[in-house]
2 protein chains.
Amino acid sequence: MVSIKDIARLAGVSASTVSRVLNEREYVRSEVRQRVLDIVKERGYVPNHAARSMVLQRSFTIGVVIPYLFNMFQRQLFAAMEFFLEQHGYKTQFFFLRWSESSEQAFLRRLKSEALDGIIFVHELDNPSIYHYIKEINLPVTLCTFERTEFGFPAVHIDEEASAKLATEYLIQRGHRDIGLITGEHFTFGYQREKGYKKALAAHGLPYNPELTIRAASYNPEAGRAGMLTLIKRKQPLSAVFAATDELAIGAIKALYESGVRVPADVSVVGLDDIDISSFTTPGLTTVRQPIFEMGKKSADLVCDWISRGHTTDKVEQFSTIIVERESVRTIG
Amino acid sequence: MVSIKDIARLAGVSASTVSRVLNEREYVRSEVRQRVLDIVKERGYVPNHAARSMVLQRSFTIGVVIPYLFNMFQRQLFAAMEFFLEQHGYKTQFFFLRWSESSEQAFLRRLKSEALDGIIFVHELDNPSIYHYIKEINLPVTLCTFERTEFGFPAVHIDEEASAKLATEYLIQRGHRDIGLITGEHFTFGYQREKGYKKALAAHGLPYNPELTIRAASYNPEAGRAGMLTLIKRKQPLSAVFAATDELAIGAIKALYESGVRVPADVSVVGLDDIDISSFTTPGLTTVRQPIFEMGKKSADLVCDWISRGHTTDKVEQFSTIIVERESVRTIG
DNA sequence: ATAGCTTCTGAAAAGGTTTTCATCTAGGTA
DNA sequence: TACCTAGATGAAAACCTTTTCAGAAGCTAT
């Protein structure tokens, strides 16, 4: 590997001068500059990243921290983040937290060992000690899909509760009274969406029947399918289901189909997220759209803002959500 | 940030000794070792990654290079790779190639600037110059989803052609004669799968009708939907479609459904990949299974093998594929 | 002629680690 | 007693950059 010293020697100048040329500093004769540039090009010289990041005390990379459930929603979010982070000149480094103490420790170690320039947290962590640490070392950060106002971190999110309420009310307005819920555990959004569902019922004077809610093991289609199957077994009156994520909804529809229940003729289903596969299911999934791409972009912009500005902007961006009507809901009565 | 020197000072020893303790070298009194370890723990010291990687001339990270089509197949592949790479003690760094000359140059620059310990290439690149360069600098590498025997790189892949042939023959054996093809461009697997389709027709004495093949703009559901729509417009006799990827198939089914054509009653569809959403579509997608998880694992194992062994194993692992029967195909006649 | 700028350049330090080499001590051997 | 060896430790070099500081050369203003 060719180093800056090699270039210096070849050009008959010092390493400092080469560095000045490369970093576009002033005070170097244009004739010298050209000579150095030529040699750099000829030899294919590229600055060593480790050396640079050591002396500069930064790594030009943003960490994206995410609990290990690598689903379709996250895929879309990542694609957006990576794209815009790169536009800002940063590399993206993913950290998949695997929900164990040791994985959290490992994360903290990596956080210290690599001089990350910033972090995006996707989904809320169980253990707030990490946030305290980040706060303490004053590392640029933004939260994505949730907020924690007490830390003063910038955040981008939707109103989870209101969105779930919107989905549920959509069903109520179409005459549904016996509405099931399939949600998951461990993540705040799961609980918030459950709360939104309950609020919708309450707002319309509908009783809450615990027999109609399923707390699935995860948020993926398989969990949705299993959840729907047990819901069916309970033999409660049921005309519609709100699934807390589109993936759960897709699984639920499959379970209904397998059980000979027609969607939406017999049971209606609405999801939340609007991942891109949702417009390709049959029937098309009626759901609440979360602007995934824009949220990814905004997250990237906010960390980079903090970094370049040198201090937090403390900005919380709440994106609004809308119903997107497809074919999985019917109007009754 | 606390450095090795701080620990040394605190423990009343030299930095060398601390380093020896941390790297589990011999020749350090157990009493001293314990003292150092205690202080390391107390201060939360973690070695600086940039410094280590500079002196060691390695980065403990594997690059995963992939053309920018971040689809569901790749999501599953990534999840597997990242998981096993971490088990081997490596970090994963993704490089999304965005199909421009400049993006390839940028990739090469990053390749040189970060001392990657190894690379996994997913999907074949248009431009073989990168492979030549890798070969030249003798960087541990493995190819995933394709092979290039002339370079002697280890590879994990399936027989694309045979798998497509298998899918097509499955339709032929069920009495289908007028079989459409929806594939995509730019990627070798797309062309190989097309070839497999043609071979199946030929092997069974069926004529190849170019009016029945669609070369879609991409490999995602949207492209599949658009492709199917134009195929329908051509008004050729058609009883089945082979879609080169499951995502294309999902889009095709949607288009059929929108056009009032029943699947599988009127037209049968088979895909290839068996991504995990395929068992959740309605009807369930009959497809050819590619062992995605195992392939991801194997790719990780092979690079790590090369690294630890110090020389290439030159091993090409061809995974076998099987039909997984679901509900999107009917038997006629 | 002197002092004081400007422009350009190089030497050297710094950043945090690993490793080599040298040194020191204690114990064993001739 | 003199010498050697093994174990334990520290000093210093090396990895590759950037940046600070100092100095040289050429110019302008006094």
Side-chain angles (χ1 to χ4, degrees), chain A residues 1-37 39-40 43-61 89 91 109-117 137, chain B residues 1-37 39-40 43-61 89 91 109-117 137:
Chain A
M1 279 291 100
V2 29
S3 85
I4 206 171
K5 280 187 190 159
D6 300 319
I7 302 297
R9 191 168 31 74
L10 258 20
V13 295
S14 73
S16 335
T17 300
V18 177
S19 174
R20 270 187 282 257
V21 171
L22 260 19
N23 294 287
E24 298 180 328
R25 294 271 175 298
E26 48 184 350
Y27 297 141
V28 29
R29 242 164 52 223
S30 68
E31 173 204 330
V32 172
R33 155 170 291 122
Q34 198 49 56
R35 181 150 39 100
V36 169
L37 252 20
I39 294 176
V40 162
R43 300 303 230 231
Y45 167 76
V46 173
N48 178 294
H49 183 260
R52 277 196 100 214
S53 90
M54 190 160 84
V55 63
L56 261 19
Q57 303 279 58
R58 53 184 299 203
S59 61
F60 306 97
T61 109
K91 291 184 293 175
R109 287 179 59 85
R110 279 182 63 177
L111 198 57
K112 288 181 182 177
S113 81
E114 306 171 39
L116 288 183
D117 294 355
I137 64 174
Chain B
M1 279 292 101
V2 30
S3 82
I4 205 172
K5 280 187 189 159
D6 301 319
I7 303 296
R9 189 167 32 73
L10 258 22
V13 296
S14 73
S16 332
T17 299
V18 177
S19 174
R20 269 188 282 259
V21 171
L22 261 18
N23 294 286
E24 299 181 326
R25 293 270 176 298
E26 49 184 349
Y27 297 142
V28 26
R29 242 165 50 223
S30 67
E31 173 204 330
V32 172
R33 155 170 291 120
Q34 199 48 58
R35 181 152 37 102
V36 169
L37 252 21
I39 295 176
V40 162
R43 298 306 229 228
Y45 166 77
V46 173
N48 179 292
H49 183 259
R52 278 197 99 217
S53 89
M54 191 160 82
V55 62
L56 260 18
Q57 303 279 57
R58 51 183 302 204
S59 59
F60 305 96
T61 109
K91 290 183 295 175
R109 286 179 60 86
R110 279 182 64 177
L111 197 57
K112 289 181 182 178
S113 79
E114 305 171 41
L116 289 183
D117 294 355
I137 64 174

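Quick caveat: nothing in here was measured; it's all calculated off a predicted structure. In what follows, chains are A, B, ... by sequence order, proteins preceding strands, each numbered from 1.
For the pair Ser53(B) and Ala50(A), the tightest heavy-atom approach, listed with the atom from each and the gap, is OG-CB, 3.2 Å. Residues Arg35(B) and Val13(B) share a closest heavy-atom pair of NH1-CG1, 4.5 Å. Closest of all the heavy-atom pairs between Arg20(A) and Glu26(A) is CD-O, 4.1 Å. Counting all heavy atoms, side chain and backbone alike, Val46(B) lies closest to Arg109(A) at CG1-O, 3.5 Å. Annotation for Val2(B) and Tyr45(B): closest pair O-CD1, 3.2 Å, computed over non-hydrogen atoms.
To the nearest 0.5 Å, atoms OG (Ser113(A)) and CE (Met1(B)) are separated by 10.5 Å. To the nearest 0.5 angstrom, Arg25(B) atom CZ is 11.0 Å from Arg33(B) atom CZ. Put simply, OG1 on Thr61(A) and CD on Glu114(A) are 6.5 Å apart, with the number rounded to the nearest 0.5 Å.
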Stepwise, does the side chain to side chain contact (heavy atoms under 4.5 Å, CB included) test hold for Arg43(B) with Leu10(B)? CA-CA 10 Å; Arg43(B) 298 306 229 228; Leu10(B) 258 22; 3.6 Å; yes
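Not counting sequence neighbours, Gln57(A) has no partner by the side-chain contact (heavy atoms from CB on, under 4.5 Å) test. By the side-chain contact (heavy atoms from CB on, under 4.5 Å) test, Ser19(A) is found to be paired with Ile4(A), Asn23(A), residues two or more places apart in sequence or in another chain being considered.
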Pairs under 3.5 Å (N/O, protein and nucleotides 12-16 of chain D):
none

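Axis angle, first five pairs versus last five pairs of the helix from dA1(C)-dT30(D) to dA30(C)-dT1(D): 70°, rounded to 10°.
Ser59(A) places a side-chain N or O within donor-acceptor distance of the main-chain N or O of Ala115(A), the cut-off being under 3.5 Å.
Residues of residues 21-32 of chain A having a heavy atom closer than 4.0 Å to DNA chain D, listed by number: Asn23(A), Arg25(A).
Chain A approaches DNA chain C over the interval dT7(C) to dG16(C), counting the first and last nucleotide 5' to 3' with an atom under 4.0 Å from its heavy atoms.
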